[in-house]
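One structure is given below, encoded as structure tokens.
All values reported here derive from a predicted model rather than from experimental measurement. Below, read A as the first sequence line, B as the second, and so on, with proteins coming before strands; counting in each chain starts at 1. These numbers come from the heavy atoms of this one structure, side chains and all, not from hydrogens, waters or symmetry mates.
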Number of protein chains: 2
Amino acid sequence: MKKNITIKDVAKQAGVSISTVSRVINDSKPVTDEVKQKVLDVIKETGYIPNPLARSLVTKKSQLIGVIVPELSDSFVNEILNGIEEVAKMYDYDILLANTYSSKEQELKSINLLRAKQVEGIVMISWLVDEDQINYIENCGIPATYISKTARDYDIYSVSTSNEEATYDMTKYLIDQGHEKIAFVMTSKDDTCLERERFSGYSNALKEHNIEIDTNLVKRGGTTYETGYTCMKELLDEGVVPHAAFVTGDEAAIGAINAICDAGYRVPEDISVAGFNDVKLAKIYRPKLTTVFQPLYDMGAVAMRMVIKMINNEPLESKKIELPYQIVERESVKLRK
Amino acid sequence: MKKNITIKDVAKQAGVSISTVSRVINDSKPVTDEVKQKVLDVIKETGYIPNPLARSLVTKKSQLIGVIVPELSDSFVNEILNGIEEVAKMYDYDILLANTYSSKEQELKSINLLRAKQVEGIVMISWLVDEDQINYIENCGIPATYISKTARDYDIYSVSTSNEEATYDMTKYLIDQGHEKIAFVMTSKDDTCLERERFSGYSNALKEHNIEIDTNLVKRGGTTYETGYTCMKELLDEGVVPHAAFVTGDEAAIGAINAICDAGYRVPEDISVAGFNDVKLAKIYRPKLTTVFQPLYDMGAVAMRMVIKMINNEPLESKKIELPYQIVERESVKLRK
DNA sequence: ATGAAAGCGCTAACAA
DNA sequence: TTGTTAGCGCTTTCAT
């Protein structure tokens, strides 16, 4: 275990003062080319790495960005994380990861922890953020952006897609495919902004086509495979056999498909199913899932870029950014004659 | 943005010296209950959080563990990560995440970065670690454990499952189910220790049952859905129709199933398919995948515990830990009469 | 252009 | 039991 080389060692070996060394590694102030080269040589030779701890201590910049996630094995989260990670690396930031398992208590703890570690910014991915958490974060004055179902309910920096429109479009698509009895399975039991927007997209599309809204057709579950399965099973058990089901999450949609199959129906021959997000799984599953593509990777990337801008006090055009979605037609929805 | 409260502020406000404050926050040295209480009160009142940067600078302990992953949206990696995360939290360590996209260059960079950030330990998840990387890590004297296909080729700390046995068992299970012409699709083109062990498990099982090994039945691909699909398609295109296929990765196995279906065969009626890992997807997919369960979560947890022990200089029984596997029978393998 | 020195917030000898 | 002080490795005035 070799002793760490410090700026002092380099200075001594190069025959200069530590301030000069500091200047060349940060090229902050003019240094003679000659001296600069000398120092650079010594640095290379010794393999010196500046200690970011010491540096952060004085500059108050940790080059760390805290990322709070509700879950690590959820594909939705993963794809966002990829985007975050990529941009962070681009700007030489590192990621401090905090997994909360969707527990509010853990969320508060994580915020504290990140704060203690002097993160310069926070990207928070959470199914549901509430006022407490937001206040807590905003209070410590750390730039933060949110990716959450409830983000649009608050005056905070957030990135999302136009859920209302997307839901409207998919519902319309389903109608255009000849379906009228369209079940709508939401991915949260809570009354979030997102659920409201989505429901409104759904019902508007129906209304415009003079289809009456049947509350027996709408269910509220969660994002997981299991909840999708359960919701659809319930529906079927209640004797409701829709033409199509629009499940606003891919994993849940696949759960629904399985419930349908287990009940003896076929997808899409008997019942069409549409999802939301276009997660990796959507392309793999058979039948391939017709879904609305959300640019998850980009959402992560954009969120990260936002906090970096905030850190640098660069102006942001708007607090809320909406990214475009897209209906992707695959195999799980079929024309109904 | 409120100014950060430091140990000095607390000391002043409590009317004691900073060392006393330091003593109570670390309860390192005896302090009168009275004084202690006073300090604690002030801390609570002011909301003081010790600056870990400053602390780390002097103690040389960052409470940070670097985790290097080859990929963020791979379920195999995710489940391991969950285990790592959980144990880290238990021991009050934070995770610095480095994603390498399986690029060797990025891997070296990441190691540097983690090192610079003064991580106390490293858990490296990599499909293939090679000598360069290992030397590089071992050289900087940071405790590290590896989860990798090639880990067993080197004298390093690693955690894995008994691949040879597992593969043997699954192959035997397939044979017991009446299959003889068993395709074997490996998840790496490289000649890794793991592939060798697995192949040996496969061939030993065949030999013991007096089934000749047919090299036309063995393919080498990758871990992804696509590679699984391609391998199986190739096999089928070559006119080889096996009784069963043992694909040593779940995502790839599902790719194989799809290739089989696309070629007009049914799984498991015409061809049985078995996977490896028992990833979340294995339970969701239809037909549900028969596979060998690897305790991914536990592997992560154990790996993390190992590095923590190493950090604390606690003795480790062995450099290589093997965790138990299990054959899980589901729907993708059927008895052949 | 360069060096000396102060100080970031904290811990850990060493005194008292 | 407590306070004083010297650093940890670095950046950044302020002189030179």
Side-chain angles (χ1 to χ4, degrees), chain A residues 1-40 42-43 46-64 92 115-120 140, chain B residues 1-40 42-43 46-64 92 112-113 115-120 140:
Chain A
M1 190 172 323
K2 65 179 154 195
K3 167 185 172 301
N4 272 323
I5 323 119
T6 76
I7 197 171
K8 270 188 195 165
D9 303 322
V10 177
K12 196 186 300 174
Q13 200 167 331
V16 296
S17 78
I18 60 165
S19 358
T20 305
V21 176
S22 173
R23 275 165 201 137
V24 343
I25 54 187
N26 299 302
D27 55 15
S28 44
K29 283 280 173 65
V31 177
T32 332
D33 279 355
E34 198 185 352
V35 179
K36 188 170 186 173
Q37 199 48 56
K38 174 75 188 158
V39 174
L40 254 21
V42 176
I43 289 179
T46 53
Y48 165 69
I49 304 179
N51 183 333
L53 250 46
R55 175 181 280 168
S56 299
L57 188 57
V58 20
T59 58
K60 269 104 173 63
K61 303 198 131 285
S62 60
Q63 291 295 338
L64 241 39
D92 259 322
R115 191 176 145 207
K117 290 279 181 186
Q118 317 284 308
V119 296
E120 294 180 45
C140 40
Chain B
M1 187 168 331
K2 64 181 156 195
K3 168 186 171 299
N4 271 321
I5 320 116
T6 75
I7 197 171
K8 269 188 194 165
D9 303 323
V10 176
K12 196 187 298 174
Q13 200 167 326
V16 296
S17 76
I18 59 165
S19 7
T20 306
V21 177
S22 172
R23 274 166 201 134
V24 344
I25 53 186
N26 300 302
D27 56 15
S28 45
K29 283 277 174 64
V31 178
T32 331
D33 278 353
E34 196 184 352
V35 180
K36 187 170 184 171
Q37 198 49 54
K38 175 73 189 156
V39 174
L40 254 20
V42 176
I43 289 179
T46 54
Y48 164 70
I49 304 178
N51 182 334
L53 249 46
R55 177 180 278 166
S56 298
L57 188 57
V58 19
T59 58
K60 268 109 172 57
K61 302 197 133 283
S62 60
Q63 291 296 337
L64 241 37
D92 259 322
N112 258 338
L113 186 148
R115 193 177 144 204
K117 290 279 180 188
Q118 317 285 308
V119 298
E120 293 181 47
C140 41

| Check: A/Arg55 and A/Asn51 side chains under 4.5 Å, non-hydrogen atoms | no
| Close side-chain approach of A/Ile25 to A/Tyr48, heavy-atom, < 4.5 Å | yes
| note | All heavy atoms of B/Leu64 vs all of B/Lys117, minimum pair found to be CD2-O, 4.0 Å
| message | Contact between A/Gln13 and A/Ile5 at the side-chain level, heavy atoms closer than 4.5 Å - yes or no? | response | no
| query | Would a distance-only check, ignoring hydrogens and angles, find a side-chain to backbone donor-acceptor pair under 3.5 Å from A/Asn26 to A/Arg23? | reply | no
| message | Judged by each residue's nearest nucleotide on DNA chain D, which is more toward the 5′ side, A/Ile25 or B/Thr32? | response | B/Thr32
| query | Starting at NZ of A/Lys117 and ending at C1' of C/dC10, how long is that distance when rounded to a whole Å? | reply | 14 Å
| field | Pair A/Ser22-A/Ser19, side-chain donor/acceptor within less than 3.5 Å | value | no
| Rounding to a whole Å, what distance do you find between A/Lys61:NZ and D/dT11:P? | 14 Å
| message | Based on the rotation axes of five pairs at each end, what angle does the helix from C/dA1-D/dT16 to C/dA16-D/dT1 bend through, to 10°? | response | 40°
| Base-contact (B) and sugar-phosphate-only (S) positions in nucleotides 4-9 of chain C, heavy-atom cut-off under 4.0 Å, - elsewhere | B---BB
| said: Can you see if the side chain of B/Thr20 gets near the phosphate of D/dG3 - specifically, an N or O under 4.0 Å from OP1 or OP2? | reply: yes
| field | Non-neighbouring partners of B/Ser56 that pass side chain to side chain donor-acceptor pair (under 3.5 Å), sequence neighbours left out | value | none
| Heavy-atom distance under 4.5 Å between the side chains of B/Val16 and B/Val21, does that happen here? | yes
| request: Using whole Å, report how far CD of B/Gln37 lies from P of D/dT2. | output: 13 Å
